[in-house]
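None of the values given here were measured: they were computed from a predicted structure.
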Amino acid sequence: QVQLTESGGGLVQPGDSLRLSCVSSGLNFNMSTMGWFRQAPGKERQFVAGFSWRNTIPYHSSTVTGRFTMSRDNKKTTVYLQMNNLRPEDTAVYYCAATEQAVITVSGRQWDYWGQGIQVTVSS
């Protein structure tokens with residue numbers, strides 16, 4: 001059974017940083033593409049970043065490029081999302097996702113596994 005467990009969320013002020021973690025189990029992690037999505041209240045789920053098992057660098061959406069950085073540790077079967085210079089519009093529930101496909105897709109429908117989500121709130 002595949003499990004993805006996020007941690008590291010919370011309430012921060014604009015300009016602060018947070019690092020989200022997602023620990024996986026039951027996956028062939030080295031052959032899994034990992035991703036981060038987020039969903040704000042009343043909005044559709046949005047792709048944030050992805051890291052294909054085939055690549056050595058991640059892909060970030062244009063809305064977070066330069067502020068967020070995704071990384072993965074295959075030995076720990078864990079992915080991270082370092083979020084810097086957070087803004088109120090980054091407030092959302094953040095989800096970790098996984099797929100066996102090598103190609104990163106921004107559509108959530110093509111991801112096979114999801115974590116339960118973790119709240120990130122940016123507010124002064």
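Looking only at side-chain heavy atoms (C-beta outward), E6 and C96 come within less than 4.5 Å of each other. Looking at M34 and L27, their side chains come closer than 4.5 Å, going by heavy atoms from C-beta outward. At a threshold of 4.5 Å between non-hydrogen side-chain atoms, the residues V120 and M83 count as touching.
Between the side chain of Q39 and the backbone N or O of Q46, no donor-acceptor pair lies under 3.5 Å. Remark: the backbone N or O of A102 is paired with a side-chain donor or acceptor of S52 at under 3.5 angstrom. In terms of modelled atom types and a separation under 3.5 Å, the side chain of H60 and the main chain of G66 share no donor-acceptor contact. A donor-acceptor contact shorter than 3.5 Å links the side chain of T77 to the backbone of S24. Not a single donor-acceptor pair under 3.5 Å links the side chain of N55 to the backbone N or O of I57. Q82 places no side-chain N or O within 3.5 Å of a backbone atom of T69 that could act as its donor or acceptor partner. Distance alone, capped at 3.5 Å, is enough to place a donor-acceptor pair between the T91 side chain and the P88 backbone. One N or O on the side chain of Q101 and one on the backbone of Q110 form a donor-acceptor pair closer than 3.5 Å. The main-chain N or O of N30 is never found under 3.5 Å from a side-chain atom of S32 such that the two would form a donor-acceptor pair.
Between W114 and G108, the closest heavy-atom pair is CZ2-O, 3.3 Å. When every heavy atom of L20 is checked against every heavy atom of G9, the shortest pair comes out as CD2-N, 3.6 Å. Taking every heavy atom of both residues into account, L18 and L86 meet most closely at N-CD1, 3.9 Å. Nearest heavy atom pair, residue D73 against residue F29, reads O-CE2, 3.8 Å. The heavy-atom pair separating S21 from T78 by the smallest distance is CB-CG2, 4.5 Å.
With sequence neighbours excluded, the residues forming a side-chain hydrogen bond (donor to acceptor under 3.5 Å, both in side chains) with Q119 are T121, listed by chain and number.
Here OG1 of T33 is found 9.5 Å from CD of E100. Values are rounded to the nearest 0.5 Å. One finds the OG atom of S124 at 7.0 Å from the CD atom of Q13 (value rounded to the nearest 0.5 Å).
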Start with the C-alpha distance between S123 and L11, add both sets of side-chain angles, then the distance that settles side chain to side chain contact (heavy atoms under 4.5 Å, CB included), and finish with yes or no.
CA-CA 7 Å; S123 176; L11 171 63; 4.3 Å; yes
Let's go through R72 and N74 carefully: what are the C-alpha distance in whole Å and the side-chain angles of both, what is the deciding distance for side chain to side chain donor-acceptor pair (under 3.5 Å) to 0.1 Å, and is it a yes or a no?
CA-CA 6 Å; R72 64 185 292 161; N74 288 348; 2.9 Å; yes
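Counting only residues at least two apart or on different chains, no ring-ring contact (aromatic ring centres under 6.0 Å, His included) pair has a member in residues 66-106. Listed by first and then second residue, the salt bridge (Lys or Arg N to Asp or Glu O under 4.0 Å) pairs that reach into residues 26-53 are R38-D90, sequence neighbours excluded.
Between W111 and F37, a ring centre-to-centre spacing shorter than 6.0 Å is recorded.
Under the 4.5 Å side-chain heavy-atom criterion for ILVMFWY residues, no single connected hydrophobic cluster contains both V106 and W53. Hydrophobic clustering of Ile, Leu, Val, Met, Phe, Trp and Tyr side chains at less than 4.5 Å, counting indirect connections, keeps Y113 apart from V93. Residues V12 and I118 fall within the same hydrophobic cluster, defined by Ile, Leu, Val, Met, Phe, Trp and Tyr side chains chained together at heavy-atom separations under 4.5 Å. F51 and L4 end up in the same hydrophobic cluster when Ile, Leu, Val, Met, Phe, Trp and Tyr side chains are linked at under 4.5 Å. No continuous path of hydrophobic side-chain contacts links M70 to F47 [ILVMFWY only; heavy atoms under 4.5 Å].
At a cut-off of 3.5 Å, with distance as the only test, a side-chain donor of S61 or T63 sits close to an acceptor on the other residue.
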